[in-house]
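All residue numbers refer to positions in the sequence shown, counting from 1. Start at 1 and go down the list; that is how both ligands and their atoms are numbered. Predicted model, so just to flag it, every value in this text is computed and none were measured.
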Amino acid sequence: MSDIRIKGLCKSFGATDVLKNVDLEIGSGEFVAFVGPSGCGKSTLLRVISGLESITAGSLEIDGQRMNDVPSSKRGIAMVFQTYALYPHMTVAQNMGYSLKIARRPKAERERLVEAAAKMLHLEPYLDRKPRELSGGQRQRVAIGRAIVRDPKVFLFDEPLSNLDAALRLRMRLEISRLKDELPGTTMIYVTHDQVEAMTMADRIVVLKDGEVQQVGAPMDLYHSPATLFVAQFIGSPTMNVLHGEHAARYGAKTIGVRPEHLRLSSSEGDWTGTAIHSEQLGADSFLYVDIGEEEPLTVRLDGEKDLPAQTNVSVVPVAGRVHRFDATGRAMVEQA
Ligand SMILES: Nc1ncnc2c1ncn2[C@@H]1O[C@H](COP(=O)(O)OP(=O)(O)OP(=O)(O)O)[C@@H](O)[C@H]1O
Ligand SMILES: [Mg+2]
């Protein structure tokens with residue numbers, strides 16, 4: 001059991017309000033990702049939950065107990081950071097068991113816990129090595145192992161993979177997802193600005209902007225029903241196409257958005273006509289960029305197996321029911337057109 005309840009939470013540094021009235025409930029055993037642009041308050045929210053930062057206003061409860069004034073060490077929380085500062089002179093096993101040694105846990109118990117964590121993280125062959133003899137991904141796994149041995153109720157990750165190369169990030173993503181399955185009772189909060197990481201690992205995603213929660217939901221809910229234009233453009237790759245002015249007015253909106261996969265080329269006159277200015281073939285799919293005289297070209301996803309259109313003048317139509325409509329404040333209007 002380890003559910004987290006945050007009510008009306010505010011955090012200011014001096015005169016700067018960094019978190020503004022955040023309400024959030026996280027269920028026991030849930031894996032939640034915090035995403036948002038740099039400086040939106042992701043790390044601050046995580047640090048407030050961990051107790052590394054104080055709360056300016058509002059409340060934080062873990063398992064129904066108010067945590068506002070409980071010190072970090074008494075919250076049952078472990079944190080893994082982007083930089084993982086392992087002790088260079090200690091072996092992997094010593095690094096992983098260090099917090100248990102400090103806590104004066106008996107040697108046999110320490111060894112058992114380190115072994116179990118090493119097994120979970122596929123670190124058994126490296127237990128006697130020093131950190132400098134490990135790859136980046138292996139070091140990051142040791143940092144995670146160091147947190148696991150403490151058997152935390154809540155696991156907090158702050159961009160743990162951002163120092164790793166793309167291939168290693170993908171592998172670690174799978175490892176962390178597997179870890180989630182092996183520790184079903186542990187609540188996990190994962191900060192990232194990589195929306196793909198959030199989409200693939202999280203049960204629910206919290207999108208933050210300027211210290212405010214924009215939307216909380218399952219990845220596919222955010223993808224298909226973004227509550228704001230900001231969420232619509234933040235989630236999904238390539239980014240959703242956005243049109244204003246007359247294009248939007250025709251749909252009774254201030255702004256409309258259509259994902260690249262919800263646009264089709266049309267042989268008759270389409271909603272939008274323009275010039276294909278560039279294409280990218282990625283194998284499974286291709287992206288065609290069509291200049292329709294607006295600020296940004298439309299991105300149209302096409303089947304990668306098919307040939308790209310021969311002519312450069314093309315007509316584009318949206319798939320029925322897949323046009324997202326937004327009002328002047330950027331809020332989603334109830335029905336898609
Ligand atoms: N100790 C501090 N004192 C003053 N301002 C701070 C402090 N820590 C963070 N801030 C400010 O709070 C805001 C949010 O910072 P935070 O580190 O939470 O952002 P973030 O979403 O994690 O960004 P990033 O993706 O770049 O890590 C920033 O404007 C930052 O400058
Ligand atoms: Mg941060």
Side-chain angles (χ1 to χ4, degrees), residues 4 6-24 26 31-60 62 67-69 71-73 75 77-85 136 139-140 143-144 146-147 152 154-166 168-169 172-173 176 187-202 204-217 219 222 226-237 239 330:
I4 298 173
I6 294 167
K7 279 202 206 109
L9 188 130
C10 301
K11 173 68 186 174
S12 309
F13 293 106
T16 317
D17 300 328
V18 173
L19 296 175
K20 300 162 195 164
N21 204 19
V22 173
D23 289 317
L24 186 61
I26 299 174
F31 190 118
V32 170
F34 293 170
V35 301
S38 184
C40 70
K42 304 179 295 292
S43 296
T44 304
L45 184 53
L46 206 66
R47 291 168 62 81
V48 162
I49 294 170
S50 75
L52 293 174
E53 295 287 356
S54 64
I55 292 171
T56 306
S59 69
L60 165 71
I62 299 178
M67 287 289 137
N68 289 49
D69 302 312
S72 185
S73 59
R75 292 191 189 185
I77 280 175
M79 199 150 162
V80 178
F81 298 93
Q82 177 180 352
T83 48
Y84 28 79
R139 282 181 218 170
Q140 191 54 285
I144 295 172
R146 197 166 53 173
V154 181
F155 231 123
L156 306 179
F157 298 93
D158 195 352
E159 310 223 19
L161 309 185
S162 54
N163 280 341
L164 308 178
D165 68 34
L168 205 49
R169 262 208 317 265
M172 284 301 293
R173 215 160 78 199
I176 292 176
T187 306
M188 299 192 180
I189 306 178
Y190 191 99
V191 168
T192 176
H193 57 249
D194 180 344
Q195 52 106 7
V196 175
E197 246 171 59
M199 295 284 281
T200 51
M201 294 197 290
R204 284 193 305 152
I205 298 177
V206 178
V207 183
L208 290 164
K209 181 185 175 232
D210 297 334
E212 286 176 314
V213 174
Q214 290 267 313
Q215 189 172 3
V216 182
L222 300 196
T228 65
L229 186 56
F230 178 81
V231 174
Q233 292 194 275
F234 194 80
I235 303 282
S237 173
T239 315

message = Less than 4.5 Å apart, side chain to side chain, heavy atoms only: is that true for K209 and T228?
response = no
key: Side-chain touch I189/I4, heavy atoms, less than 4.5 angstrom   = yes
task = May I ask you to decide if A198's main-chain N or O and T192's side chain share a donor-acceptor pair within less than 3.5 Å?
result = no
message = For ligand 1, give me the residues whose heavy-atom distance to it is below 4.0 Å, by chain and number please.
response = F13, V18, P37, S38, G39, C40, G41, K42, S43, T44, E159
query = Mind checking whether Y190 and F157 have parallel, tilted or perpendicular rings, split at 30° and 60°?
reply = tilted
Closer than 2.8 Å to the Mg ion (ligand 2) - protein N, O or S atoms, ordered by chain and residue number = S43 OG
key: Within-4.5 Å side-chain heavy-atom neighbours: I176 and L161   = yes
request  = List the atom of F234, the atom of Q195, and the distance in Å for their closest heavy-atom pair.
outcome  = O-CG, 3.6 Å
ask   = Would R173 and V196 satisfy side-chain contact (heavy atoms from CB on, under 4.5 Å), going step by step from the backbone distance to the final call?
value = CA-CA 10 Å; R173 215 160 78 199; V196 175; 3.8 Å; yes
request  = Start with the C-alpha gap between S54 and K11, add the side-chain angles, then the distance that decides, and say whether side-chain contact (heavy atoms from CB on, under 4.5 Å) holds.
outcome  = CA-CA 8 Å; S54 64; K11 173 68 186 174; 3.2 Å; yes
request  = Return the minimal non-hydrogen interatomic distance between I49 and I77, and the atom names on each side.
outcome  = O-CD1, 3.4 Å
